[in-house]
Amino acid sequence: IQMPVTRNNCCTTTTEDNVAARLTCPDPLVVITDSMKSYGSIAPGGTAVAAPFLYTVSANAKQNHALRFSLAVSSDQGSWNSSLDLAVKAPKFDYGWIQVLDGGNGILEPGESSDLVVSIENSGGLAGTNINGILRSLNSAVTVSDSSGSYGTVNIGDSAVNTTDRYLITCVPNVAPGHRIDFELLILGDVNFHDTVNFPLIVGPVTAASPFGPDDYGYYAYDNTDT
């Protein structure tokens, strides 16, 4: 990434001589590859522009991650320090909705295999290109036999669905309707982009007598009419 910095000589009577600047950033997600610039002499009230500073930002930096750069300027007339705050712009994905495509009632039932489509939405500050998903089940009651899905390019504010490249999931026969299955979707894209969204799916069909759960502590809820 290029960062051009213009140096202003605010003094109206004195020329700044041998002006130089050094850019630093303590953030471990930033590597500055060209940190030193020379501006020469700047006339009173004048400005000077050097070649841009160069830096890279890790693919691990998320949308709106705050970066603080420090600029140390020196000349024959003195030295000055200033700071510059920037926010990272990156794709950021949120879970939208799911659809069970089982060829029947649209509900994943015990012992059933089904295609699964998952909608994701880009709420970040950049388009996501060549976006793909890897689906993982966080519960042994459902296995994922086709974990790869394709979403293509997802522009800012847009949603995408893996309609043409569906996931395939299978539920074991001995799970009760009402059982909650949690999934993790790892989202990958160009320039080493990665993100993760999580979502639940309820095994059905669910009736008033079906237990619901498990919750975060492993408990199930039953209707108070159950015996």
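This chain uses plain numbering: 1 for the first residue, then up along the sequence. What you see is a predicted model, and the numbers here were worked out from it, not measured in a lab.
Counting only heavy atoms from C-beta outward, the side chains of Asn122 and Asn155 never approach each other to under 4.5 Å. Using a 4.5 Å cut-off on side-chain heavy atoms (C-beta onward), Phe183 and Val197 make no contact. The shortest side-chain heavy-atom distance between Arg22 and Leu71 does not fall under the 4.5 Å cut-off. Side chains of Arg136 and Ser147 form no contact here, defined as non-hydrogen atoms less than 4.5 Å apart. For the pair Tyr39/Val5, a side-chain contact is recorded, criterion being any heavy-atom separation below 4.5 Å from C-beta on. Between Val100 and Ser114, some side-chain heavy-atom pair lies under the 4.5 Å cut-off. A heavy-atom distance below 4.5 Å is not found between the side chains of Asp115 and Gln99. Looking at Asp182 and Arg180, their side chains come closer than 4.5 Å, going by heavy atoms from C-beta outward.
Rounded to the nearest 0.5 angstrom, Leu185 CG and Leu135 CG are separated by 6.0 Å. Taken from SG in Cys171 to CG in Asp102, the straight-line distance is 11.5 Å, to the nearest 0.5 Å. Note that OG of Ser148 and CZ of Arg166 are 15.5 Å apart. Values are rounded to the nearest 0.5 Å. Taken from CD1 in Ile42 to CG in Asn18, the straight-line distance is 11.0 Å, to the nearest 0.5 Å. Ile1 contributes atom CD1, which lies 7.5 Å from atom OG1 of Thr56 (distance to the nearest 0.5 angstrom). Between atom CD1 of residue Ile120 and atom NZ of residue Lys92 there is a gap of 12.0 Å, rounded to the nearest 0.5 Å.
Not a single donor-acceptor pair under 3.5 Å links the side chain of Ser150 to the backbone N or O of Asn132. Side chain of Gln77 to backbone of Asp17: a donor-acceptor contact under 3.5 angstrom is found. Although no hydrogens or angles enter the test, the distance criterion places a donor-acceptor pair under 3.5 Å between the side chain of Lys37 and the main chain of Pro52. Panel note: side chain Asn130, backbone Leu188; no donor-acceptor pair is recorded below 3.5 Å. Of the possible polar contacts, none joining the Asn8 side chain to the Cys10 backbone as a donor-acceptor pair under 3.5 Å is found. Gln63 places no side-chain N or O within 3.5 Å of a backbone atom of Pro91 that could act as its donor or acceptor partner.
Looking at every heavy atom in both residues, Val175 comes nearest to Pro110 through O-CG, 3.2 Å. Here the shortest heavy-atom pairing between Asp94 and Ser123 reads OD2-OG, 2.6 Å. In plain terms, the two heavy atoms of Thr15 and Ser41 that are nearest each other are CG2-CB, 4.2 Å. Annotation for Ser38 and Ala50: closest pair O-CB, 3.6 Å, computed over non-hydrogen atoms. A pairwise comparison of heavy atoms in Asn192 and Ala59 identifies O-CB, 3.3 Å as the closest pair. Across every non-hydrogen atom of Ala141 and Ile181, the tightest pair is CB-CD1, 3.9 Å.
Thr170 and Ser113 share a side-chain donor-acceptor pair at under 3.5 Å. Of the N and O atoms on the side chains of Thr129 and Asp190, at least one donor lies less than 3.5 Å from an acceptor on the other residue.
Residues Leu84 and Val57 are members of one and the same hydrophobic cluster, defined by side-chain heavy-atom contacts under 4.5 angstrom among Ile, Leu, Val, Met, Phe, Trp and Tyr. If you chain together hydrophobic residues whose side chains sit under 4.5 Å apart, Leu86 and Ile32 fall into the same group. Side-chain heavy atoms closer than 4.5 Å link hydrophobic residues (I, L, V, M, F, W, Y) into clusters, and following such links, even through other members, never connects Ile134 to Ile169. Note: the hydrophobic cluster containing Met36 does not contain Leu23 (ILVMFWY, side chain heavy atoms under 4.5 Å, direct or indirect links). Put simply, Val144 and Ile98 are part of the same group of oily side chains (I, L, V, M, F, W, Y) that touch within less than 4.5 Å, one to the next.
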| Run the ring pair (Phe, Tyr, Trp, His ring centres under 6.0 Å) check on Tyr55 and Phe69 step by step: do they pass? | CA-CA 11 Å; Tyr55 68 95; Phe69 293 87; 4.9 Å; yes
| task | Mind running side-chain contact (heavy atoms from CB on, under 4.5 Å) on Val172 and Val142 for me, showing each step along the way? | result | CA-CA 6 Å; Val172 299; Val142 169; over 6 Å; no
| side-chain contact (heavy atoms from CB on, under 4.5 Å) between His194 and Ile187, worked out | CA-CA 5 Å; His194 59 274; Ile187 300 172; over 6 Å; no
| request: Determine, step by step, whether Asn81 and Val73 satisfy the side-chain contact (heavy atoms from CB on, under 4.5 Å) criterion, reporting the C-alpha distance in whole Å, the side-chain angles of both residues, the deciding distance to 0.1 Å, and the verdict. | output: CA-CA 6 Å; Asn81 292 285; Val73 181; over 6 Å; no
| request: Check the pair Asp158 / Glu121 against side-chain contact (heavy atoms from CB on, under 4.5 Å), numbers first and verdict last. | output: CA-CA 6 Å; Asp158 284 353; Glu121 180 179 349; over 6 Å; no
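In Asp85, the CG atom is crowded: over 12 heavy atoms of neighbouring residues, nucleotides or ligands sit closer than 6.0 Å.
Ring geometry for Tyr167 against Tyr151 counts as tilted: the plane angle lies between 30° and 60°, on a 0 to 90° scale.
When each of Asn139, Ile107, Val118, Leu116 is tested with Leu201 by the rule side chain to side chain contact (heavy atoms under 4.5 Å, CB included), just one qualifies, namely Leu116.
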